[in-house]
A.B. asks: 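Structure incoming, see below.
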Amino acid sequence: MLLEQKSALAALFQQAAATLAAGTAAADALPAVELDRPRQADHGDLACNLAMQLARPLKQPPRKIAEALAQAVQALDAARPQPMLDAVEVAGPGFINLRLAPSARRAVVARVLERAEAFGCGTHGAGRSVVVEFVSANPTGPLHVGHGRQAALGDALCSLLAASGWRVSREFYYNDAGAQIANLAASVQARVRGIEPDDPRFPADGYRGDYIREIAADYMAGKTVAAERVAPETAAANPDDLEAIRRFAVAYLRREQDNDLRAFGVRFDTYYLESSLYTDGRVEQTVNALTEAGVTFEHEGALWLRSTDFGDDKDRVMRKSEGGYTYFVPDVAYHVTKWQRGFDRAVNIQGSDHHGTIARVRAGLQALALGIAPGYPQYVLHKMVTVMRGGEEVKISKRAGSYVTLRDLITWSGERGAADGEPPAAQAQAEQAERRGRDAVRFFLVSRKADSEFVFDVDLALSQSDDNPVYYIQYAHARICSVLEQAARQTGEDAGALAARIVTQAIASAPFTEPLAAARESALMARLAEFPELVAQSAEELAPHALAFYLKELAADLHAYYNSERFLVEDIALREARLALLLSVRQVLRNGLSLLGVSAPEKM
């Protein structure tokens, strides 16, 4: 059922309840009306338990209240210019089941076609600002599959939030300060000097992947690299200048990560450097502010935060006795900047190993007494991804040295063997392979709840079968395009012109879809009507997996419809009504896939 229809029905129940409770104490505190889908489909389209909630305040049996509400709602609906209900039934001790009128059920087709790309968009965010931080990888190596899961989750959540009316900013936080960057520079310098990873002189905590050798070679060749929104960095080619090596290595890996994210279809609005928190004095300012607020203390030469006063399980060290800040201090300073930049909501997508960070960062923000909400920022923590290929777990990449890279996964998931005698892949074929790989990886990595471990089966991602959810959903879209092409050949029209004509007629005339009466058609229309509420709920709960699941269900409904009914029938009214329904399904498939960053091919 469409959201606007649901809201209208809830208003009818509210009006009926207000009349029923008039003159009683309950009139000033009526419960909110909840309309839900019944557990059993034969109980109708919606169920309401308002009578059960009113029984105690009205001091009447819920069944009696339900009968009065049902009668009143039916009368109020009948007085509307376009009634929405076919039947209002009382069941059990006082549940009210609603059955939609056929015209109300069919209204979704015109609504989808009218709204087109905007169908599913809402206004819950009301233009408020939210910053979503995701990926935020250390620039110390290629992006791995865990970063890929963050990228897929984060980008999908940004799209869902934007569709729900939020003003979204995508942010990448570069951890370009600390021991890991020092290890990177030392590793590249060792390779520059000809020291191999198996040499005892190689840094004990160094990075051993082949990419370190590539960086060293380009550094000594004096090459120039440029990452997103930063000045190009030209190598000094001096093996003794560790700072120059550090700058070049970081720029080199930032560029590589940018390229991987671009191939993955992910973009960012802002890149924030951890190092800038120190150079701009924000870390020191944050520590001073906490000290002045009286929420710190010194013990054994270290500076501590009284974080237990703000919900943490123990007090935390801020500045170590030997000097230097613990890692959560710049995190607090960083989130202060988010608040100061006008983001009254912040969402962080991070690995589950960051769980311990949540309480201390929030405690630090509350201790500053800046008016930041207690739950700021929100966190979506994801678990690890295991990659299977050829029935075996893949644990390392030769180039990365210790893990499977995102680029590996995209490449493997896009490979499909060429037919015998086929020439080598051309540029177009290479682009198609990258698109297939990107689509598979993006969909698979959001298809489960973030906090569940996920096994990525490369062989499944490559399969052209119903078991592959990406193929199954995209094939539903392609099937509809094929039917439209066949219909256009029958009528002698261009497929685009035929679609445009049907869309125009379906929007202009409600009777256009009256022939849609088959059970499969009713099921499809009911599924389409769920989409806007599903998008809103997925955004509110930060749960893009719900959208992935919905798209599989919609594709299943379409395939079942395709297998049970003929579309290009002689009855013109029925044929064009069915084409209108197919066009609306195609639109919702496109909209849903787009929110997940997955393409909707017209041919498979």
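For this chain, numbers begin at 1 and follow the sequence in order.
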A.B. asks: Tell me if a side-chain donor or acceptor on Thr411 pairs with a main-chain N or O of Arg407 at a distance below 3.5 Å.
C.D. replies: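 Between the backbone of Arg407 and the side chain of Thr411 there is a qualifying donor-acceptor contact (under 3.5 Å).
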A.B. asks: Classify the side-chain pair Ser136/Glu133 by whether it contains a donor and acceptor separated by less than 3.5 Å.
C.D. replies: yes
A.B. asks: Applying salt bridge (charged side-chain N to carboxylate O under 4.0 Å, His left out), run through Asp240 and Arg193 and close with a yes or a no.
C.D. replies: CA-CA 9 Å; Asp240 298 321; Arg193 291 173 171 169; 2.9 Å; yes
A.B. asks: Look at the aromatic rings of His144 and Tyr403 and report parallel, tilted or perpendicular, splitting at 30° and 60°.
C.D. replies: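 Because their plane-to-plane angle is over 60°, the rings of His144 and Tyr403 count as perpendicular.
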A.B. asks: Would you call the rings of Phe119 and Phe531 parallel, tilted or perpendicular, where under 30° means parallel and over 60° means perpendicular?
C.D. replies: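 Aromatic pair Phe119/Phe531 classed parallel.
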A.B. asks: Side chain of Asn468, backbone of Ser463: donor and acceptor closer than 3.5 Å?
C.D. replies: yes
A.B. asks: Would you call Arg247-Glu233 a salt bridge at under 4.0 Å N-O?
C.D. replies: yes
A.B. asks: Within a radius of less than 6.0 Å around CD of Glu392, do more than 12 heavy atoms belonging to other residues, nucleotides or ligands occur?
C.D. replies: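 Atom CD in Glu392 is not crowded, with 12 or fewer foreign heavy atoms closer than 6.0 Å.
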A.B. asks: Using modelled atom types only, decide if a donor and an acceptor are shared between the side chain of Ser321 and the backbone of Gly301 within a distance under 3.5 Å.
C.D. replies: no
A.B. asks: Minimum heavy-atom separation for Leu365 to Val332, with atom names?
C.D. replies: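 Nearest pair, atom of Leu365 first, then Val332: CD2-O, 3.8 Å.
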A.B. asks: Any donor-acceptor pair under 3.5 Å linking the side chain of Arg128 with the backbone of Gly125?
C.D. replies: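 The answer is yes, because a donor-acceptor pair under 3.5 Å joins these two groups.
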A.B. asks: May I ask you to decide whether Arg442 forms a salt bridge with Asp155, counting only side-chain N to carboxylate O separations under 4.0 Å?
C.D. replies: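 Between Asp155 and Arg442 there is a salt bridge, with a charged N closer than 4.0 Å to a carboxylate O.
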A.B. asks: Check Asp331 with Arg362, please: is the shortest side-chain N to carboxylate O separation under 4.0 Å?
C.D. replies: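 Answer for the salt bridge query: no.
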A.B. asks: Is there a donor in the side chain of Tyr334 and an acceptor in the side chain of Glu171, or the other way round, less than 3.5 Å apart?
C.D. replies: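 Side chains of Tyr334 and Glu171: pair found under 3.5 Å.
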A.B. asks: Could you tell me which non-hydrogen atom of Ala600 sits nearest to which non-hydrogen atom of Leu593, and how far apart they are?
C.D. replies: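 In terms of heavy atoms, the two residues are closest at CB-CD1, 4.0 Å.
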A.B. asks: Taking NZ, NE, NH1 and NH2 as the nitrogens, is one of them in Asp198 or Arg201 under 4.0 Å from a carboxylate oxygen of the other?
C.D. replies: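 Looking at Arg201 together with Asp198, the answer is no, because their closest N to O distance does not fall below 4.0 Å.
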A.B. asks: Is Trp304 close to Thr296 at the side-chain level, that is, under 4.5 Å between some pair of heavy atoms?
C.D. replies: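 Contact flag for Thr296/Trp304 side chains = no.
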A.B. asks: Using the rule ring pair (Phe, Tyr, Trp, His ring centres under 6.0 Å), only one of Tyr471, Phe456, Trp412 pairs with Phe444; which is it?
C.D. replies: Phe456
A.B. asks: Under a plain distance cut-off of 3.5 Å, with no hydrogens placed, do Tyr325 and Glu284 share a side-chain donor-acceptor pair?
C.D. replies: yes
A.B. asks: Check for a donor-acceptor pair, side chain of Asp199 on one end and backbone N or O of Ile195 on the other, with a separation under 3.5 Å.
C.D. replies: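 Between the backbone of Ile195 and the side chain of Asp199 there is no qualifying donor-acceptor contact (under 3.5 Å).
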A.B. asks: Can you give me the closest heavy-atom contact between Val470 and Ala440, atom names plus distance?
C.D. replies: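 Closest approach of Val470 to Ala440, heavy atoms only: CG2-CA, 4.0 Å.
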A.B. asks: Identify the two heavy atoms, one from Ser129 and one from Gly342, that lie closest to each other, and give their separation to 0.1 Å.
C.D. replies: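 Looking at all heavy atoms of both residues, the closest pair is CB-O, 3.8 Å.
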A.B. asks: Kindly say whether Lys223 contributes a backbone atom to a donor-acceptor pair with the side chain of Asp218 at under 3.5 angstrom?
C.D. replies: no
A.B. asks: How about Phe268 and Phe134: are their ring centres within less than 6.0 Å of each other?
C.D. replies: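 Centroid distance Phe268-Phe134: below 6.0 Å, so yes.
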A.B. asks: Of all the heavy-atom pairs spanning Gln150 and Gln350, show the shortest one and how long it is.
C.D. replies: NE2-CA, 3.8 Å
A.B. asks: Would you find a donor on one side and an acceptor on the other, under 3.5 Å apart, between the side chain of His477 and the backbone of Pro601?
C.D. replies: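 Present.
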A.B. asks: Using a strict 4.0 Å threshold on nitrogen-to-oxygen distance, state whether Glu228 and Arg262 make a salt bridge.
C.D. replies: yes
A.B. asks: Whether the Thr405 and Asp408 side chains hold a donor-acceptor pair (N or O, under 3.5 Å, no angle test) is what I'd like checked.
C.D. replies: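 Yes.
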A.B. asks: Backbone N or O of Thr337 within a donor-acceptor pair of the Arg341 side chain at under 3.5 Å?
C.D. replies: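 Looks like yes, one N/O pair under 3.5 Å.
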A.B. asks: Salt-bridged, Arg436 to Glu431, with N to O below 4.0 Å?
C.D. replies: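 No, no charged N to carboxylate O under 4.0 Å.
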A.B. asks: Determine whether Val188 and Arg213 satisfy the following criterion, side-chain contact (heavy atoms from CB on, under 4.5 Å), listing intermediate values before the conclusion.
C.D. replies: CA-CA 7 Å; Val188 175; Arg213 174 180 49 77; over 6 Å; no
A.B. asks: Step by step, would you call Asp258 with Arg254 a salt bridge (charged side-chain N to carboxylate O under 4.0 Å, His left out)?
C.D. replies: CA-CA 6 Å; Asp258 290 342; Arg254 284 189 61 180; 5.5 Å; no
A.B. asks: Would a 4.5 Å heavy-atom cut-off, applied to side chains only, mark Leu305 and Phe297 as touching?
C.D. replies: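 Heavy-atom side-chain distance check fails, nothing below 4.5 Å.
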A.B. asks: Are the side chains of Thr270 and Arg170 in touch, meaning some heavy atoms are under 4.5 Å apart?
C.D. replies: no
A.B. asks: Indicate yes or no for a side-chain donor-acceptor contact from Asp315 to the backbone of Ser307 under 3.5 Å, with no hydrogens or angles considered.
C.D. replies: yes
A.B. asks: Determine, using ring centers only, whether Tyr174 and Tyr272 are less than 6.0 Å apart.
C.D. replies: no
A.B. asks: Can we say Asp210 and Arg208 salt-bridge, meaning some charged N sits less than 4.0 Å from an Asp/Glu carboxylate O?
C.D. replies: no
A.B. asks: With a 4.5 Å heavy-atom cut-off, do Gln474 and Ser599 have their side chains touching?
C.D. replies: yes
A.B. asks: Between Tyr327 and Arg360, is there a side-chain heavy-atom distance shorter than 4.5 Å?
C.D. replies: yes
A.B. asks: Is it the case that atom CZ in Arg167 sees more than 12 heavy atoms from other parts of the structure closer than 6.0 Å?
C.D. replies: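 Not buried by this count: 12 neighbours or fewer within 6.0 Å.
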A.B. asks: Salt bridge check, Arg306 against Glu298: does any charged N sit closer than 4.0 Å to a carboxylate O?
C.D. replies: no
A.B. asks: Decide yes or no for Leu534 and Phe549: does some side-chain heavy atom of the first lie under 4.5 Å from some side-chain heavy atom of the second?
C.D. replies: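 SC-SC contact between Leu534 and Phe549 ruled out.
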A.B. asks: Is there a side-chain contact between Lys338 and Asn348 in this structure, where contact means two heavy atoms from C-beta onward sitting under 4.5 Å apart?
C.D. replies: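 Yes, their side chains come closer than 4.5 Å.
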A.B. asks: Does any N or O in the side chain of Asn138 come within less than 3.5 Å of the main-chain N or O of Thr140, such that one atom is a donor and the other an acceptor?
C.D. replies: no
A.B. asks: Please check if atom OH in Tyr475 has more than 12 non-hydrogen atoms from other residues, nucleotides or ligands closer than 6.0 Å.
C.D. replies: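 Not buried by this count: 12 neighbours or fewer within 6.0 Å.
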A.B. asks: Is there a side-chain contact between Lys383 and Phe454 in this structure, where contact means two heavy atoms from C-beta onward sitting under 4.5 Å apart?
C.D. replies: no
